[in-house]
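Scroll down for the structure; my scribbles are underneath it.
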Amino acid sequence: DQADVEAMYALKGLMTALGSAHLDCRQDGAKLPAGPRAAYLFNTGIAGIEKADAILLIGTDPRREAPMVNARIRKRFLRGGVRIGAVGERARLTYKYDYLGAGPETLAEIAAGSHSFAAALKGASRPMLVLGQGALARVDGEAVLELARRIAEQCNMVREDWNGFNVLHTAAARVGGLDLGFVPGPGGRDLAGILAGCRDGSIGAVYLLAADEIDMAALGKAFVVYQGHHGDRGAHRADVVLPGAAYTEKDATYVNTEGRVQMTRRAVFPPGEAKEDWSILRALSARLGKALPYDDAAALRRTLYAEIPHLAALDVLPKAAWGGFGKAGTAERAPFASPIADYWLTDPISRASATMAECSRVQAASSRTGTHA
C-alpha cells in the first residue's frame with residue numbers, strides 16, 4: 001500500500017532469486033493486469049477531466065475515494081455541457097448525475113449499446129469513464145474490466161488525441177507495482193491463493209512489504225515478516241519486524257494513479273534502527289546467499305531504468321499503449337460497492353491519528369442524526 005518502487009523492485013528480485021512466484025501488489029484482490037499499461041492508469045490525467053463532455057462512473061464514489069478527482073468533476077459540471085452517469089451505489093456526490101443502475105448488468109447493457117447512456121457516450125466528443133476498485137476487487141473483476149474496455153472502444157474513448165479510459169486506484173503503490181510486474185509469475189499465486197496456502201499449510205512464510213490491508217487472521221500459522229514504518233496491522237501480526245523508512249525519510253520513487261513517476265527527497269533521517277527499504281532487502285539477500293546486483297541506490301536505479309525505461313521520466317503524464325485486457329465472461333449480479341467504508345481511516349497513518357479518529361466519530365454521528373458534517 002505504501003511501498004516505494006525501489007523497495008518493490010528489490011523484493012521482486014529477491015523473491016525471484018529464491019524461486020518464489022507468489023507476488024501480488026493488489027491487496028484488495030482487484031483483477032488488474034500488469035499490461036498493457038493503459039489498462040490500469042487514469043489515462044486522461046486528473047486535469048483532463050475538465051475536457052470531458054460525458055462521464056461514466058463505474059463502481060466508485062469519488063467523493064470518498066479521491067476528493068481531488070471529485071473536485072475536478074464538479075468543476076467540469078459547473079461549467080455545463082457535460083452529462084454524468086453512475087453505475088454502483090447511489091452516492092451523495094457534489095453534482096447532479098444520472099443513476100443508471102447498481103451493477104454489471106447495467107454495464108453490460110451500456111456495452112451492448114442497448115442502454116440510453118450508451119448514446120450519450122457515443123455522441124460526446126470527449127467521453128470518459130472512471131472504473132473504481134469497487135468494480136474490480138471482486139471475483140468477476142476480469143469480466144467487469146472487459147466490459148469497461150469494450151465500452152471505451154465502442155464509444156470512441158480511445159483514439160490518438162484522447163484516452164478516456166480511467167482506473168481509479170485506492171492504494172498509493174499500486175501503479176508502481178503493476179509497472180514492475182509485481183503480480184504472480186508462471187505457477188504463482190495471487191493474494192487469494194497466498195491466503196489459501198496459509199490456511200492449508202502449503203505456504204509457511206509470508207513477507208509483508210508495508211502491507212496491512214489484508215485479513216491478518218487469514219495468515220494462520222505462517223511465519224510473517226513485516227517490513228515498514230508504521231505500527232499497523234501487519235506489524236502487529238508479524239513474527240519479525242524490519243523497520244523501514246517513511247516517505248519523508250528517504251529518496252524514493254512512486255507512481256501516482258495517472259502513471260506519473262514522482263520522486264521524494266529525504267527531509268529527515270529515519271529514527272533508531274530504521275533504514276531505507278531497498279537497503280534492508282539488499283542486506284537480507286546477502287544473508288540468504290542471493291545477493292542482489294547493486295550496492296547503492298544509484299546502481300539500483302540504473303538496473304531499474306534499463307529494465308523499465310519509463311520509470312526514469314519524472315513528472316510526465318504518459319501516453320500509454322492500449323491493447324486487449326480483461327476476460328470475457330459472465331459477471332455476477334451483485335451490485336458494485338465502494339471499498340471505502342470510512343473516509344477518515346483509509347490508511348495506517350490516519351488510523352493512528354487522534355484527529356482522524358475524531359473526524360470519523362463526528363461523521364458517524366452526523367450520519368445517524370441526518371445532519372451533514
Side-chain angles (χ1 to χ4, degrees), residues 1-2 26-30 42 46 49 55-78 84-103 106 130-138 166-174 208 210-218 226 228-237 246-248 256-257 333-373:
D1 185 38
Q2 310 159 60
R26 304 162 300 186
Q27 287 187 74
D28 54 11
F42 203 99
I46 293 173
I49 293 170
I55 301 172
L56 175 61
L57 305 176
I58 304 170
T60 181
D61 176 353
R63 187 178 184 184
R64 285 192 294 171
E65 296 169 30
M68 286 194 299
V69 169
N70 193 68
R72 291 280 187 170
I73 298 174
R74 174 173 166 76
K75 186 177 179 181
R76 178 65 189 90
F77 168 78
L78 292 175
I84 304 170
V87 179
E89 295 179 313
R90 288 183 181 271
R92 187 164 61 88
L93 301 176
T94 54
Y95 38 82
K96 293 180 180 179
Y97 66 93
D98 298 323
Y99 182 70
L100 308 178
T106 303
V130 180
L131 184 59
Q133 301 306 304
L136 293 170
R138 303 159 39 114
N166 299 306
V167 174
L168 183 59
H169 292 276
T170 54
R174 178 73 53 75
L208 300 177
D212 84 324
E213 299 292 342
I214 62 176
D215 179 8
M216 296 300 165
Y226 173 83
H229 62 80
H230 228 74
D232 54 30
R233 297 163 183 156
H236 283 281
R237 168 59 183 84
Y247 69 94
T248 52
N256 73 3
T257 198
R333 295 186 64 84
F336 299 138
S338 172
I340 304 299
D342 190 329
Y343 169 77
W344 305 102
L345 303 176
T346 55
D347 63 85
I349 297 174
S350 297
R351 287 192 285 270
S353 165
T355 300
M356 294 295 103
E358 177 63 13
C359 289
S360 176
R361 186 194 67 76
V362 171
Q363 182 68 56
S366 70
S367 297
R368 288 194 298 270
T369 60
T371 59
H372 297 324

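We're numbering straight along the sequence, starting at 1.
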Side chain to side chain donor-acceptor pair (under 3.5 Å) against N70, all qualifying residues, sequence neighbours excluded: T94, Y95

Please determine which of V69, I73, L93 meets the side-chain contact (heavy atoms from CB on, under 4.5 Å) test together with R63. L93

Over all atoms of both residues, closest heavy-atom pair of G134 and P339: N-CD, 3.8 Å

Rounded distance (nearest 0.5 Å) linking atom CG of D347 with atom OG1 of T170: 11.0 Å

Tell me, please, which residues at least two apart from D232 pass salt bridge (Lys or Arg N to Asp or Glu O under 4.0 Å). none

Sequence neighbours excluded, which residues qualify as salt bridge (Lys or Arg N to Asp or Glu O under 4.0 Å) partners of R72? E50

Gap between atom OH of Y226 and atom CG of D212 - 0.5 Å precision: 6.5 Å

With the side chain counted from C-beta on, respond yes when P62 and L57 share a heavy-atom pair under 4.5 Å apart, and no when they do not. yes

Closest approach of G103 and V87, non-hydrogen atoms and distance? O-CG1, 3.5 Å

Would you check if N166 and I49 make a side-chain contact, meaning some heavy-atom pair closer than 4.5 Å? no

Counting C-beta onward and ignoring hydrogens, is there a side-chain heavy-atom pair between N256 and I46 closer than 4.5 Å? no

Looking at side-chain heavy atoms only, is the closest gap between H236 and R233 below 4.5 Å? no

Side chains of Q133 and V167 in contact at under 4.5 Å (non-hydrogen atoms): yes

Side chain to side chain donor-acceptor pair (under 3.5 Å) partners of T106, counting only residues at least two apart: none

Ion pair check, D28 and R174, cut-off under 4.0 Å: yes

Residues that E89 engages under salt bridge (Lys or Arg N to Asp or Glu O under 4.0 Å), provided they are two or more places apart: R64

Where do Y99 and G88 come nearest, in terms of heavy atoms and distance? OH-O, 2.7 Å

Full working for side-chain contact (heavy atoms from CB on, under 4.5 Å) between T60 and F336: CA-CA 8 Å; T60 181; F336 299 138; over 6 Å; no

Starting at CG of L100, measure out to CD1 of I84 and round the result to the nearest 0.5 Å. 11.0 Å

For R74, check salt bridge (Lys or Arg N to Asp or Glu O under 4.0 Å) against everything at least two apart and list the hits. none

Taking all non-hydrogen atoms of both residues, which atom of H230 and which atom of A352 are closest, and how far apart? NE2-CB, 3.8 Å

Using a 3.5 Å distance criterion without hydrogens, assess whether the side chain of Q363 forms a donor-acceptor pair with backbone atoms of C359. no

Are the side chain of Y343 and the backbone N or O of S360 linked by a donor-acceptor pair below 3.5 Å? no

Any side-chain to backbone donor/acceptor pair from Q27 onto E213? Under 3.5 Å, distance only. yes

Smallest heavy-atom separation, L208 atom then G234 atom, equals CD1-CA, 4.0 Å

Specify the closest pair of heavy atoms between P335 and R138, including all atoms of both residues, with the distance to one decimal. O-NH1, 3.2 Å

Do the side chain of D215 and the main chain of A217 share a donor and acceptor less than 3.5 angstrom apart? yes

